Amino acid sequence: MKKNLPLIIIVLLLVSILAFLKYNKSKSNFENIEFHIQDIDQIGSITISDKHGNQSILSKKDKKWMVNDSFYVEHEKMLILLNTINKLQIEMPVGDSMRKMAIDDLRNLAKEVVIKDKNGDELKTYFIGSSVGAGNFMILSQGGSVSYNPYIVKLPGIKEIDLKHRFVAQPEAWYSTEVFSTSIDRIKSIVVNFHEKPHFSFRLTKDEDLIKIDPFLDSMKIDKPLNKEHVIQFLLE
């Protein structure tokens, strides 16, 4: 036993060193892993795909975002998405006890998010799985190769959130609800027809600084000066 003691000590030291190196490597990798993008102004497109074949390609065209090159994106929804991408934060690596469940979830249910810059180069690609209270299962991918290590990723300051709800793959969910985007100074006239009550129909016209309303019926004409604030509010709406 005494003869083998030096060998046992050497083996134990080697095991301890390997364990220490593995821990430090794991810790270092964890600290270097990032899901967020600090400078969101460099983002040129975001492609979101789900397992049902839905795909939304959000691309920036002349300072405005479009979905699948067809419709403008709702401004507020786009701001929420970009803010989410900017603030994604790792809560913790997925532990060994949950690893298989996380991998199966990401393989079968995850949404893929591909973020590229304005030149079309990949900035970040990740898969978003199910919510687990503090955040969602997420895993990074680069150049088509998926990482081996899933994480639980969250938004700081929010106790419970399902991030998948912010990364929507159905294109129609992004469509802008804005009907008119013409600035007020370009509007020369507006005709409003009330089909059920035609006597309320009118034409609003603007000639230089003069704004007037002409009802279609003489009996509805207005002799008093118009309320400028009301007219501006009408145009803004």
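Keep in mind that what you see is a predicted model, and the values were worked out from it rather than measured.
- Here the side chain of N136 pairs no donor or acceptor atom with the backbone of M138 at under 3.5 angstrom.
- Annotation: side-chain hydrogen bond (donor to acceptor under 3.5 Å, both in side chains) contacts involving residues 113-123, sequence neighbours excluded, comprise E122-T125.
- Checking side-chain atoms of W174 against main-chain N and O of V168 turns up a donor-acceptor pair under 3.5 Å.
- D162 contributes a side-chain N or O that, together with a main-chain N or O of K164, makes up a donor-acceptor pair within less than 3.5 Å.
- Q170 has its side chain out of reach of Y175: every pair of non-hydrogen atoms, C-beta onward, lies at least 4.5 Å apart.
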Apply the test side-chain hydrogen bond (donor to acceptor under 3.5 Å, both in side chains) to residues E74 and T177: give CA-CA distance (whole Å), side-chain angles for both, the deciding distance (0.1 Å), then the verdict. CA-CA 7 Å; E74 183 74 29; T177 57; 3.0 Å; yes
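- Between the side chain of N68 and the main chain of S70, no donor-acceptor pair closer than 3.5 Å is present.
- Salt-bridge formation is detected for the pair K61/D69: a Lys NZ or Arg NE/NH1/NH2 atom is positioned less than 4.0 Å from an Asp or Glu carboxylate oxygen.
- Under the salt bridge (Lys or Arg N to Asp or Glu O under 4.0 Å) criterion, K100 pairs with D104, sequence neighbours left out.
- For Q89, the side chain to side chain donor-acceptor pair (under 3.5 Å) test picks out no residue, with sequence neighbours left out.
- Sequence neighbours left out, the pairs with a member in residues 82-130 that pass ring pair (Phe, Tyr, Trp, His ring centres under 6.0 Å) are F35-Y126.
- Contact of the V73 side chain with the S176 side chain is not registered, since no non-hydrogen atoms from C-beta on lie closer than 4.5 Å.
- In this structure T47 satisfies the side chain to side chain contact (heavy atoms under 4.5 Å, CB included) test together with S49, Q55, I57, V114, sequence neighbours excluded.
- When the salt bridge (Lys or Arg N to Asp or Glu O under 4.0 Å) test is applied to K60, no partner is found at least two apart in sequence or on another chain.
- Although no hydrogens or angles enter the test, the distance criterion places no donor-acceptor pair under 3.5 Å between the side chain of K111 and the main chain of K51.
- Residues L82 and T84 have side chains not in contact (no heavy-atom distance under 4.5 Å, counting atoms from C-beta outward).
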